[in-house]
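What follows is a set of notes on a single structure, which appears directly below.
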Amino acid sequence: MSTSNGSTNGAILEVRDLKKYFRVNSGVFSRSKASLKAVDGISFVIEEGKTYGLVGESGCGKTTTAKMILLLEDPTEGTILFDGEDALTMKKDELRNYKSSVQAVFQDPWASLNPRMRVGSIIGEPLEVNSTMTKGEIKTRVGELLTEVGLQAYQSTLFPHEFSGGQRQRIGVARALALRPRLIVLDEPVSALDVSIRAQIMNLLEDLQDEHNLSYLLIAHHLATVRYMCDTVGVMYLGRLVEEAETEELFDNPQHPYTKALMSAALPSHPDIEREEIILTGEVPSPVDPPTGCHFHPRCPQRIDEENLCATTSPVRTETAPGHKVVCHLYGDSSQ
Ligand code: SF4
């Protein structure tokens, strides 16, 4: 069902045909420019109160996608609908509301917190800049936020170096919560943390989601994190979404050869589960000069060589089960 603006009912954020091309030098000694297609026409929907995960190898475009949603990068083309309104054409007040409503937690809690600022100032800064709260009100709110993320109000006077890695990430979460956002972009939120602490931060994020009906966009390469946290997962390869499904469906029934390879390389969820590891040959090709046809064809163990199909023709998206979309010639019309 669609709203008057055409967005999906229940969607907090909808990305349509989003692209980001960078102009780069085409060679070491060349002055001519080429186009690096970091994100090449992706579309997905984040439902209110749900978690959408983007996975793929480093350089596949997932962080650039997150930056465009956070308005830290200008898209080359495409639409970012927030509550059905295009964030890229919003005027001043709407834009301020969007920026407050969409916050981020980054990977490295050591680098993302200013070491010279006390924690109270780090968490309170968005409130000082974006609200009319008094100093006393901000202090009270910072105390509440610290408590909410499992720390204590008195710790607002300490500096970041006085905290452990997990505690610092809690501070990053408290800062992201300060403006009462509705969507938080989680860019590899636990991958810099010790394995023993990851579950604690994931549980905290889940509890906060339940309590505040938060929506998350989770950027991650660690599949166990994705499986634990996400409702729906999109798999990216060379700037494009190649498969999307609800989490359990994707993990139980991966269909795209790239998704199968990614999952075969990850540890199975149970030691009794046998899984044959699919070794991909070759490097990820350059997004400056991506392969013709299906971008994955030079590495694909299931490539269709008949009439050079995969090397010459881009596959289209096919729905193989409700909500399970695959972009591959093995499925849909071209497989028949
Ligand atoms: Fe492999 Fe062809 Fe499918 Fe691409 S379209 S993933 S090359 S089978």
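In each ligand, atom 1 is the first atom listed, and ligand 1 is the first ligand listed. All figures in this text were calculated on a predicted structure; none of them were measured in a lab.
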Pi-cation contact, Phe22 with Lys20 (under 6.0 Å, within 45°): yes
Restricting to under 2.8 Å, identify the protein N, O or S atoms around atom 4 (Fe) of ligand 1 as residue plus atom. Cys294 SG
Note: Gln169 and Gln107 closest approach over all heavy atoms is NE2-O, 3.6 Å
Salt bridge check, Asp93 against Lys91: does any charged N sit closer than 4.0 Å to a carboxylate O? no
Least distance between heavy atoms, Lys50 atom then Ile46 atom: O-CG2, 4.1 Å
If you measure from the Lys or Arg side-chain nitrogens to the Asp or Glu carboxylate oxygens, is any gap between Glu125 and Arg175 under 4.0 Å? yes
What are the two closest heavy atoms between Val119 and Phe159, and how far apart are they? CG2-C, 4.3 Å
